[in-house]
Amino acid sequence: MAKYTRKQKELIENWDSQIDFLKSSIEIFDKGKVMEAIRIAQTLRVMFHNTKKSHSIYERLNNNIIFKSSSGLYSPFNLISSWMLLSVELSSDGISYQPKLDNPVDRLFFYDFEDWWNQVIFDDKKNVFSRKDIVVYVANKDGGAHFDDYIPEKYANLIIYNSLGVSDMNGSISNNPMYMAIRVIAQEVIDSVELENYSKERKSVIIPRSSFEVRFLDENEVVRFTWSSTDIQQGNSEDQKSILSKFKLSKRKLFYKYFGDKKVEYITK
């Protein structure tokens, strides 16, 4: 018999199922079962990850969702590591990373998919990691599709050797920063989908005095961070300008985007 091509209706149904899977896994994670992050990563991979041989549900649906970023604006001038989606908590159990979920930053931005998916969320000053990097690694290699015998060096540094540098008096940290970040990414997706479904009434208003761009942290121009010459109070010294100039840029614009009576700040091409 001939191959069967899935219909649009089936793709929409599967997308809705993936959202339900995310919500169920979030409930389990929040009850203390942090290994559920592996299942969350699998769901996110199905929803968003493209390969040479397969395309994500998101791409096949030609969705046009804008994505909430719980990250503050990354600074390339930091001399210490960055963990953009997490906070650090000290308790009787020691030091741990915690997901930033409630009012995570003073100013929330929304992005198009590629800028959100490839935005830097970890920088241990040797390697940088995007949402895509973390989700795909956990889904493919950390017990999702496979549980590999060997952990690649940069991921081993992050989760085994504590390359982010946060530790208690014994030099240890009590949890896995990748799993905590995946919890935040899942929430960002849920919040973004809910915003998309909130109202069909849409309006965008450009903010003309704001100048934004993305800068690329790798030679392939994939992993990136958002920068602004008008909205960030850094980058004015000659040394900082020199550092910033090392990263290729792509211009962006800042809009107010309205979904009915809800307004968000949206950075796009």
Handout entry: Cation-pi geometry met for Lys154 and Phe129 (6.0 Å, 45°)
Key =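 Yes - Lys154 lies over the ring of Phe129, closer than 6.0 Å to its centre and within 45° of its axis.
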
Practice task
Cation-pi check, Lys262 to Tyr198: give yes when NZ or CZ is under 6.0 Å from the six-membered ring centre and within 45° of the ring axis, no otherwise.
Solution key: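 Here Lys262 passes the 6.0 Å and 45° test against Tyr198.
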
Do [X] and [Y] belong to the same hydrophobic cluster, where Ile, Leu, Val, Met, Phe, Trp and Tyr are linked whenever their side-chain heavy atoms lie under 4.5 Å apart, directly or via other members?
X      : Y      : value
Phe21  : Ile12  : no
Phe110 : Ile206 : yes
Ile190 : Leu195 : no
Trp83  : Tyr161 : yes
Tyr155 : Met35  : yes

Which heavy atom of [X] sits nearest a heavy atom of [Y], and at what distance?
X      : Y      : result
Gln18  : Ile57  : CG-CD1, 3.9 Å
Leu244 : Phe77  : N-CE2, 4.3 Å
Tyr137 : Pro152 : CE1-CD, 3.8 Å
Ala186 : Leu22  : CB-CD2, 4.1 Å
Val105 : Ser71  : CG1-C, 3.9 Å
Pro76  : Ile243 : O-CG2, 4.2 Å

Nearest 0.5 Å please: distance from the [atom1] atom of [X] over to the [atom2] atom of [Y].
X      : Y      : atom1 : atom2 : value
Ile66  : Ser204 : CD1   : OG    : 7.5 Å
Leu101 : Met180 : CG    : CE    : 10.0 Å
Asp115 : Trp117 : CG    : CH2   : 14.0 Å
Lys248 : Arg215 : NZ    : CZ    : 12.0 Å
Ile185 : Ser69  : CD1   : OG    : 10.0 Å
Gln119 : Leu73  : CD    : CG    : 8.0 Å

Practice task
Go through the steps for Glu10 and Tyr4 under the test side-chain hydrogen bond (donor to acceptor under 3.5 Å, both in side chains), then give the verdict.
Solution key: CA-CA 12 Å; Glu10 294 174 275; Tyr4 174 79; 2.8 Å; yes

Exercise for the section: Report the C-alpha separation of Ser25 and Glu36 in whole Å, then their side-chain angles, then the decisive distance to 0.1 Å, and conclude whether the side-chain hydrogen bond (donor to acceptor under 3.5 Å, both in side chains) test is met. Expected result: CA-CA 6 Å; Ser25 288; Glu36 190 68 17; 2.8 Å; yes

Just checking [X]: does its [atom1] atom have more than 12 heavy atoms from other residues, nucleotides or ligands closer to it than 6.0 angstrom?
X      : atom1 : result
Arg209 : CZ    : no
Glu59  : CD    : yes
Glu201 : CD    : no
Lys125 : NZ    : yes
Asp102 : CG    : no
Lys257 : NZ    : yes

Practice task
I would like to know whether Lys23 and Glu27 meet salt bridge (charged side-chain N to carboxylate O under 4.0 Å, His left out); could you show each step before the answer?
Solution key: CA-CA 6 Å; Lys23 290 178 178 178; Glu27 287 186 14; over 6 Å; no

Have [X] and [Y] got a donor and an acceptor in their side chains that come within less than 3.5 Å?
X      : Y      : answer
Ser130 : Asn118 : no
Ser54  : Thr51  : yes
Ser87  : Glu89  : no

Problem - CA sep, side-chain torsions, deciding dist, call: Arg224, Asp218, salt bridge (charged side-chain N to carboxylate O under 4.0 Å, His left out) - result: CA-CA 8 Å; Arg224 62 199 69 182; Asp218 60 334; over 6 Å; no

Handout entry: Set of residues satisfying side chain to side chain donor-acceptor pair (under 3.5 Å) with respect to Ser163, sequence neighbours excluded
Key =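 Listed in chain order: Asp124.
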
Exercise for the section: Please list, chain by chain and in numerical order, all residues satisfying side chain to side chain donor-acceptor pair (under 3.5 Å) with Thr230, sequence neighbours excluded. Expected result: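 Once residues adjacent in sequence are excluded, the partners of Thr230 under the side chain to side chain donor-acceptor pair (under 3.5 Å) criterion are Ser228.
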
Do the side chains of [Y] and [X] get nearer than 4.5 Å, heavy atoms only?
X      : Y      : result
Leu61  : Trp15  : yes
Lys253 : Ile267 : no
Val223 : Lys132 : no

Could you tell me whether a side-chain N or O of [X] sits under 3.5 Å from a main-chain N or O of [Y], the two making a donor and an acceptor?
X      : Y      : answer
Asp112 : Glu114 : no
Ser242 : Glu238 : no
Asp123 : Val128 : no

Handout entry: Phe122 vs Met84, side chain to side chain contact (heavy atoms under 4.5 Å, CB included): CA-CA, chis, key distance, verdict
Key = CA-CA 6 Å; Phe122 289 116; Met84 305 302 295; over 6 Å; no

Exercise for the section: Test Ile19 against Met47 for side chain to side chain contact (heavy atoms under 4.5 Å, CB included), laying out the working first. Expected result: CA-CA 9 Å; Ile19 295 296; Met47 294 174 74; 3.5 Å; yes

Handout entry: Between Tyr97 and Tyr179, ring centroids under 6.0 Å
Key =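 No, the ring of Tyr97 stays outside the 6.0 Å limit from the ring of Tyr179, centre to centre.
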
Practice task
Decide if the gap between the ring center of Tyr266 and the ring center of Phe109 is smaller than 6.0 angstrom.
Solution key: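 No, they do not, as the ring centres are separated by 6.0 Å or more.
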
Practice task
Begin from the C-alpha positions of Val264 and Leu108 and carry the test side chain to side chain contact (heavy atoms under 4.5 Å, CB included) through to its verdict.
Solution key: CA-CA 8 Å; Val264 299; Leu108 278 172; over 6 Å; no

Practice task
Evaluate the criterion side-chain hydrogen bond (donor to acceptor under 3.5 Å, both in side chains) for residue pair Thr226 and Tyr111; output intermediate values, then yes/no.
Solution key: CA-CA 10 Å; Thr226 302; Tyr111 296 89; 3.0 Å; yes

Practice task
Kindly indicate, with the supporting measurements, whether the criterion side chain to side chain contact (heavy atoms under 4.5 Å, CB included) is fulfilled by Asp142 and Ile151.
Solution key: CA-CA 9 Å; Asp142 196 36; Ile151 302 174; 5.8 Å; no

Exercise for the section: Among Lys68, Arg131, Lys100, find the one that has a salt bridge (Lys or Arg N to Asp or Glu O under 4.0 Å) with Glu188. Expected result: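 Only one option passes, and that is Arg131.
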
Exercise for the section: Kindly assign one of parallel, tilted or perpendicular to the pair Trp227 and Phe225, based on the angle between their ring planes and the thresholds 30° and 60°. Expected result: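 Taking Phe225 first and then Trp227, their aromatic rings stand perpendicular (interplane angle over 60°).
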
Exercise for the section: Indicate the ring-plane relationship of Phe67 and Phe48, choosing parallel, tilted or perpendicular according to the 30° and 60° boundaries. Expected result: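 Geometry flag for Phe48 against Phe67: perpendicular rings.
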
Handout entry: Verdict with supporting geometry, Ser250 and Arg252, side-chain hydrogen bond (donor to acceptor under 3.5 Å, both in side chains)
Key = CA-CA 7 Å; Ser250 177; Arg252 297 293 186 267; 2.7 Å; yes

